[in-house]
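Written out below as structure tokens is the structure these notes cover.
Positions are given from 1, in the same order as the sequence printed here. When a ligand or atom number is given, it counts from 1 through the structure's own listing order.
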Amino acid sequence: MKIGILNSGGDCPGLNAVIHGVVGAAHQLGWEVIGFRDGFEGMLPPASYKVLTPRDTIGILKLGGTILGTTNKGHFAAKVGKGDIAEVPAEIVAKAKQTMEVLDISALVVVGGDGSLTTGLQLYREGWPIIGVPKTIDNDLSATAFTFGFDSAVSTVVDALDRLHTTAESHKRVMVLEVMGRHAGWIALWGGIAGGANVVLLPEIPFSFEKISSFINQRDSQGHHSTLVVVAEGATMPEGEIVTIDDNAGGEVRLGGIGDRVAARLAKTTGKETRACTLGHLQRGGAPTSIDRILGMRFGVMAVKLAQEKKFGRMVSYQAYHVDSVPIEQAVNQLRLVEPTSELVLAAKAVGICFGD
Ligand code: F6P
């Protein structure tokens with residue numbers, strides 16, 4: 001039996017842990033593992049792949065990125081925006097299918113986010129033996145409570161806030177940290193709470209500068225002269241704008257710049273010295289945390305189990321401390337967003353964090 005694996009979409013810490021899990025579990029069953037390079041692109045003839053043995057995975061658990069490479073563009077991009085689904089053209093699917101047949105692959109593990117799993121779902125509906133593994137640092141896939149990579153991203157945010165805290169205090173400044181999170185504010189919320197942010201701005205909670213300014217002024221009057229603000233890249237400005245870098249032809253619109261915009265407005269409305277810092281891809285790079293290494297490895301092992309049981313069209317899922325699986329279509333149907341009245345948001349408010357609402 002041969003099992004294929006590919007990483008598709010943006011990279012994130014823990015992808016190599018999944019490969020480690022797949023290769024380890026498949027080897028125990030005597031199966032061969034074919035790793036396709038650069039996502040689905042590696043399946044287009046002449047295919048670009050690597051036979052993966054346990055020897056190839058020595059030491060990769062602690063490595064960020066992916067030894068297979070990945071892309072969030074190319075011939076297989078099924079999603080170009082929130083809810084915008086584009087079918088992968090039939091001639092492209094047919095070419096990749098040739099590779100499946102020539103290599104005699106009995107199961108294909110697709111490690112990807114919403115877009116890549118939408119491609120996976122299309123292929124499954126066309127008869128491919130697809131198994132999905134959820135991947136996104138944004139942690140916004142429904143049908144799984146956690147995705148690997150998220151914890152690593154949050155720890156990078158916390159580290160950045162710890163550093164910004166000391167310089168903000170020294171200068172009595174407002175520091176604005178822009179973090180990733182296109183549609184969901186999980187990274188901003190978790191990172192903000194754990195890193196001691198005073199203001200957290202999310203895509204899910206509309207904010208006003210009046211509210212934030214009076215909060216900062218009140219802090220000043222209480223003797224707290226510095227303020228840490230975390231803003232998710234996908235948060236909406238009060239006037240309704242989502243701040244973008246460019247429209248990224250062939251891919252999803254590139255978000256970015258809201259941190260500078262929020263800092264400029266707060267400087268005006270509070271009269272305080274304000275600086276902005278954008279964390280960007282630092283959140284995606286570097287070594288995975290131990291949680292992400294273990295979660296990634298478990299996801300890989302579960303993917304092989306699903307292949308063994310021929311449970312195709314399913315996605316590995318983490319719920320209530322257990323790794324299990326759900327139909328892929330359940331996972332790509334809707335995003336998992338921060339609920340503004342959830343216990344976590346209310347707990348953050350209870351300890352004095354302002355959401356600008
Ligand atoms: O979806 C994951 C993500 O990291 C988003 O948070 C971010 O907007 C996007 O990918 C960045 O993509 P790229 O690597 O193409 O700039």
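Salt bridge absent: Glu126 and Lys97 never bring a charged side-chain N and a carboxylate O closer than 4.0 Å. Using a cutoff of 4.0 Å between basic side-chain nitrogens and carboxylate oxygens, Asp11 and Arg284 are scored as salt-bridged. A salt bridge is absent between Glu252 and Arg254; no separation between the charged side-chain nitrogens and carboxylate oxygens falls under 4.0 Å.
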Query raised in the report: Given the rule in the ring-ring contact (aromatic ring centres under 6.0 Å, His included) test, do Phe150 and Trp190 qualify, once you have shown the distances and angles that lead to the verdict?
Result: CA-CA 10 Å; Phe150 173 66; Trp190 280 58; 5.4 Å; yes
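Donor-acceptor pairing under 3.5 Å is recorded for the side chains of Thr53 and Asp56.
Considering backbone and side-chain N/O of Arg182, one or more are found under 3.5 Å from N/O of ligand 1.
Here the protein heavy atom with the shortest distance to atom 10 (O) of ligand 1 is Arg284 NH1, 3.1 Å. Remark: minimum distance from atom 5 (C) of ligand 1 to any protein heavy atom is reached at Glu233 OE2, 3.4 Å.
For the residue pair Val230 and Gly192, the shortest heavy atom distance occurs at CG2-CA, 4.1 Å.
In summary, the atoms of ligand 1 found under 4.0 Å from a heavy atom of Met180, numbered by their order in the structure, are 4 (O), 6 (O). Ligand-side atoms of ligand 1 in range of Gly181: 6 (O), range being under 4.0 angstrom from any heavy atom.
Of all the heavy atoms of Asp138, the ones lying under 4.0 Å from any atom of ligand 1 belong exclusively to the side chain. Neither the backbone nor the side chain of Gln283 has a heavy atom within less than 4.0 Å of ligand 1. Contacts between Asn72 and ligand 1, counted as non-hydrogen atom pairs separated by less than 4.0 Å, involve the side chain only. Of the heavy atoms in His281, only side-chain atoms (C-beta onward) come closer than 4.0 Å to ligand 1.
In this pair, Phe40 and Phe76 present their aromatic rings parallel. The plane angle is below 30°, not in the 30 to 60° band.
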